[in-house]
Amino acid sequence: MKIFFLRAAAVVSLAGFLFACATVPVTGRRQLSLIPASTMLAMSQEQYGAFLKESRLSTDAKSTAMVQQVGENIQAAVERYFAEQGMARELKNYAWEFNLIESQEVNAWAMPGGKIAVYTGILPVTRDENGLAVVIGHEIGHVVAGHGAERMSHLLAVQMGGMALAAAMANRPEATQQLWYTAFGLGAQVGFVLPYSRLQEHEADRLGLIFMAMAGYDPQHALAFWERLAARKEGQAPPAFLSTHPTDAQRIQRIRDLMPEVQRYYRQ
Ligand SMILES: [Zn+2]
């Protein structure tokens with residue numbers, strides 16, 4: 001399948017949209033947000049449901065239970081973290097789900113409201129619950145940082161002249177679903193991959209490491225996971241997860257730099 005790379009942030013002129021900003025919880029960064037959270041949650045519910053309908057759930061009971069358990073542990077940590085920050089309201093309308101999808105694709109992603117999908121193809125790279133905690137923590141990091149709305153806003157600006165999400169869905173449902181899949185890392189599904197930016201990756205790494213540490217998983221495991229994933233780059237096509245979450249030595253070094261901060265959450 002042909003995969004197109006799009007550097008939306010670099011090409012779009014956002015002058016007209018700069019008034020429409022939101023703040024990333026935890027990091028405080030200002031971000032572009034043209035889509036109300038309620039719209040994102042409604043669309044997430046719909047698109048996650050549609051995806052599950054077209055997919056096969058894993059019949060491996062043990063791995064399914066492991067994904068579920070790690071997911072719930074991380075969810076509890078996120079809820080505790082937000083409560084401690086006085087931001088429990090942010091999670092009010094979440095409807096968490098953790099599903100293991102039968103697929104050779106090396107991938108995992110999350111949609112708004114805590115809708116997580118892990119593919120069986122990534123299990124040889126995650127290896128055990130520590131590796132799964134790295135992936136699920138990282139994906140939930142993208143969710144709570146609002147990266148999906150940010151990416152969807154950019155894509156709508158570039159592809160549909162800044163049309164509102166609800167209007168885009170009503171007028172061009174298929175194209176809008178493609179943008180949605182692209183925004184959330186299912187690009188391989190529609191042949192259109194958009195890597196997360198370095199900034200978004202760093203935010204998701206930091207949040208994910210904090211969440212996994214609070215859930216009782218040693219964040220040190222993140223280093224080994226990203227190194228194993230990067231090693232998969234050799235040979236044929238890179239794993240889908242690596243196409244949307246690009247990694248290099250610099251990223252791994254930045255994770256190493258975060259260790260003193262995130263280890264504090266692990267030892268508490
Ligand atoms: Zn990422």
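In each ligand, atom 1 is the first atom listed, and ligand 1 is the first ligand listed. If you read the sequence from its start, that first residue is 1, and numbering goes on from there. All heavy atoms count here, side chains included; hydrogens, waters and symmetry mates do not.
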Just say parallel, tilted or perpendicular for the rings of Tyr265 and Tyr81, cut-offs at 30° and 60°.
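Tyr265 and Tyr81: tilted rings.
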
Does any N, O or S atom in His138 come within less than 2.8 Å of the Zn ion (ligand 1)?
yes

Heteroatom N/O/S of Asp205 within less than 2.8 Å of the Zn ion (ligand 1):
no

Can you sort out the partners of Pro124 under side chain to side chain contact (heavy atoms under 4.5 Å, CB included), two or more places apart, ordered by chain and number?
Arg232

Distance-minimising heavy-atom pair for Pro112 and Val143:
CA-CG1, 4.1 Å

Which atom name does Glu201 have for its N/O/S atom nearest to the Zn ion (ligand 1)?
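This residue's closest N, O or S atom turns out to be OE2.
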
Can you tell me the N, O or S atom of His245 that's nearest the Zn ion (ligand 1)?
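Nearest N/O/S atom of His245: ND1.
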
Ion pair check, Asp205 and Arg251, cut-off under 4.0 Å:
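Answer for the salt bridge query: yes.
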
